[in-house]
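Beneath this line is the structure, given in structure tokens, with notes to follow.
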Amino acid sequence: MMTKVDNTPQSAHLELDLDPQLMQDVTHVYQKYGMSVTTAIHLFLQQSVSDQDLPFDVELSPKQFQAEIAREKATGDLQSLAAVEALWPDCPDQ
């Protein structure tokens, strides 16, 4: 008898570099719903696939937007940087 071996990965891993204060704040937010940050990210991704879009409207202040641009430039992630800039094409001081 031949046994079929399933070599597909059971899960993919995602590594994020987050500001420690952001991680603390977001952990507090999701604990109110009885979920971990990992579960919240999973739900976000599932909703994105379901909507074929971001599951929310992006409403960044100019200060928040500039902080995100600076973070992306510092990491050298030009693909993400382009995506962030596309969300707000007329942002001052880009």
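Side chains are part of it too, since the values below use all heavy atoms of this structure and drop only hydrogens, waters and symmetry mates. In this chain, residues are counted from 1 in sequence order.
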Keeping the roles fixed (side chain from Asp51, backbone from Asp53), state whether a donor-acceptor pair exists under 3.5 Å.
no
Is the number of heavy atoms from other residues, nucleotides or ligands within 6.0 Å of OH (Tyr33) greater than 12?
no
Answer yes if Leu45 and Phe56 sit in the same cluster of Ile, Leu, Val, Met, Phe, Trp and Tyr residues linked by side chain heavy atoms under 4.5 Å apart, and no otherwise.
yes
Using only atom types and a distance under 3.5 Å, with no angle test, would you say the side chain of Gln47 pairs donor to acceptor with the backbone of Phe44?
no
Can you name the closest pair of heavy atoms from Thr27 and Met23 and give their distance?
OG1-O, 2.7 Å
Would you say Leu16 ends up clustered with Val26 if hydrophobic residues are merged whenever their side chains have heavy atoms under 4.5 Å apart, either directly or through other cluster members?
yes
Verify whether one side chain among Gln46 and His42 offers a donor that lies under 3.5 Å from an acceptor in the other.
yes
Shared ILVMFWY cluster between Leu18 and Tyr30, side chains joined below 4.5 angstrom?
yes
